[in-house]
Amino acid sequence: MSQLSVELIDPRRSRELRRSVLRPETAPGDPLPGDDLADAVHIGVLVDRRLVSTCFVYPDTCPWLPEVEPAWHLRQMATWPDDRGHGYAGAVVDYAIEYVRTRNARLLWLHGRELAVPLYRRNGFVDEGELFTDEEHAVPHLCMYQFLHLIPEPR
């Protein structure tokens with residue numbers, strides 16, 4: 001039986017997965033967008049200690065809901081192609097939601113690739129606007145967000 005865990009990981013551990021899945025045109029040693037974010041928190045699903053799915057989150061104001069603070073941004077969601085369909089991506093997203101919720105986030109937002117939109121919807125995200133492409137997003141993306149309930153402080 002496989003051992004599964006979802007945990008915070010060193011960003012270097014997820015770099016090749018993120019590069020291979022999201023930016024295969026990037027050379028293995030080249031920087032990825034977000035590598036320079038000191039306050040990013042990387043999350044991974046490990047199956048028998050092998051990383052199969054990942055993303056990272058960090059505090060960042062949402063461009064279309066700037067009044068909702070604190071807000072966090074979810075980026076670079078990636079799962080190895082052979083590991084898709086087992087719920088690993090959903091486990092990463094669930095962990096990210098709980099992680100930022102415990103940091104008193106009121107909002108978690110993202111730009112989701114068109115193919116990943118159903119995953120985010122299943123995990124409680126709602127759409128903002130229409131699919132788009134731009135300089136940073138060469139494949140179609142959709143702006144999505146989720147309002148989070150604050151966890152009460154212990155008395």
Side-chain angles (χ1 to χ4, degrees), residues 6-9 11-28 30-45 47 51-151:
V6 186
E7 57 194 64
L8 301 182
I9 60 171
R12 293 172 295 199
R13 188 166 187 189
S14 67
R15 190 175 191 299
E16 183 55 23
L17 170 55
R18 293 181 288 119
R19 185 200 68 77
S20 294
V21 170
L22 302 173
R23 302 198 186 271
E25 72 285 355
T26 304
D30 289 349
L32 295 174
D35 279 353
D36 58 342
L37 296 168
D39 53 357
V41 177
H42 291 253
I43 301 162
V45 169
V47 175
L51 181 67
V52 297
S53 189
T54 190
C55 76
F56 67 83
V57 293
Y58 61 98
D60 190 23
T61 300
C62 178
W64 61 90
L65 292 168
E67 69 281 4
V68 182
E69 290 287 348
W72 285 62
H73 190 170
L74 185 148
R75 288 184 67 183
Q76 293 190 19
M77 177 72 224
T79 303
W80 289 113
D82 290 347
D83 292 308
R84 293 180 184 154
H86 300 285
Y88 303 142
V92 167
V93 173
D94 285 345
Y95 190 100
I97 291 166
E98 289 309 310
Y99 181 88
V100 302
R101 183 177 280 145
T102 62
R103 268 98 191 134
N104 295 323
R106 292 183 56 214
L107 181 75
L108 181 60
W109 65 279
L110 57 91
H111 295 126
R113 288 182 177 216
E114 182 177 19
L115 292 175
V117 166
L119 162 74
Y120 295 123
R121 287 178 179 153
R122 281 193 306 272
N123 284 274
F125 287 83
V126 295
D127 305 359
E128 172 66 25
E130 302 294 326
L131 286 170
F132 70 93
T133 57
D134 59 20
E135 277 185 26
E136 186 180 344
H137 305 92
V139 298
H141 278 70
L142 183 64
C143 297
M144 303 184 81
Y145 65 96
Q146 182 175 149
F147 288 111
L148 305 172
H149 300 286
L150 296 179
I151 295 176

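Residues Ala96 and Val57 approach most closely at CB-CG1, 3.9 Å, considering heavy atoms. Nearest heavy-atom pair, Asp39 versus Pro59, reported as atom, atom and distance to 0.1 Å: OD2-CD, 3.7 Å. Annotation for Arg18 and Gln76: closest pair NH1-OE1, 2.5 Å, computed over non-hydrogen atoms. Minimum heavy-atom separation, Phe56 to Gly34: CZ-CA, 4.0 Å.
Applying the side chain to side chain donor-acceptor pair (under 3.5 Å) test to Arg121 and every residue at least two apart in sequence or in another chain returns Asp127. By the side chain to side chain contact (heavy atoms under 4.5 Å, CB included) test, Asp94 is found to be paired with Asn123, residues two or more places apart in sequence or in another chain being considered. For Glu16, the salt bridge (charged side-chain N to carboxylate O under 4.0 Å, His left out) partners at least two apart in sequence or on another chain are Arg19. Judged as a side chain to side chain donor-acceptor pair (under 3.5 Å), and not counting sequence neighbours, the contacts of Thr79 are Ser53. By the side chain to side chain contact (heavy atoms under 4.5 Å, CB included) test, His86 pairs with Tyr88, sequence neighbours left out. Looking at residues two or more places apart in sequence or on another chain, you find no side chain to side chain donor-acceptor pair (under 3.5 Å) involving Tyr95. Listed by chain and residue number, Ser5, Ile9, Leu46 satisfy the side chain to side chain contact (heavy atoms under 4.5 Å, CB included) test with Glu7 (two or more places apart in sequence, or in another chain). Pro140 meets the side chain to side chain contact (heavy atoms under 4.5 Å, CB included) test with Glu114, Leu131, Thr133; sequence neighbours excluded. Applying the side chain to side chain donor-acceptor pair (under 3.5 Å) test to Arg103 and every residue at least two apart in sequence or in another chain returns Tyr99. For the ring pair (Phe, Tyr, Trp, His ring centres under 6.0 Å) test, residues two or more places apart in sequence or in another chain that qualify with Phe132 are His111, His137.
Annotation: salt bridge (charged side-chain N to carboxylate O under 4.0 Å, His left out) contacts involving residues 72-81, sequence neighbours excluded, comprise Arg75-Glu136.
Heavy-atom neighbours of Glu130 CD from other residues, nucleotides or ligands within 6.0 Å: at or below the threshold of 12. Heavy-atom contacts from other residues, nucleotides or ligands closer than 6.0 Å to CG of Asp82 number 12 or fewer.
Distance CG/Leu119 to CE/Met77: 6.0 Å, rounded to 0.5 Å. The line from CG of Leu22 to CG of Leu17 is 7.5 Å long, rounded to the nearest 0.5 Å. With rounding to the nearest 0.5 angstrom, the CE atom of Met144 is 12.5 Å from the SG atom of Cys62. Summarising the geometry, atom CG belonging to Asp60 is positioned 10.5 Å from atom CH2 belonging to Trp72; distances are rounded to the nearest 0.5 Å. Interatomic distance, His73 NE2 to Leu108 CG, rounded to the nearest 0.5 Å: 9.0 Å.
Using a 4.5 Å cut-off on side-chain heavy atoms (C-beta onward), Asp83 and Val47 make no contact. At least one side-chain heavy atom of Leu51 sits less than 4.5 Å from a side-chain heavy atom of Ser14. Pro81 is listed as a side-chain neighbour of Val21, based on a closest heavy-atom distance under 4.5 Å. When side chains are defined from C-beta on, Leu142 does not count as touching Tyr120, because their heavy atoms never get closer than 4.5 Å. With a 4.5 Å cut-off on side-chain heavy atoms, Val93 and Cys55 do not count as touching.
Each of Tyr58, Phe125, Tyr145, Trp64 was evaluated against Trp109; a single residue qualifies, Trp64, per the ring pair (Phe, Tyr, Trp, His ring centres under 6.0 Å) test.
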Exercise for the section: Go through the steps to decide whether Glu69 and Thr61 satisfy the test side-chain hydrogen bond (donor to acceptor under 3.5 Å, both in side chains), and finish with yes or no. Expected result: CA-CA 7 Å; Glu69 290 287 348; Thr61 300; 2.5 Å; yes
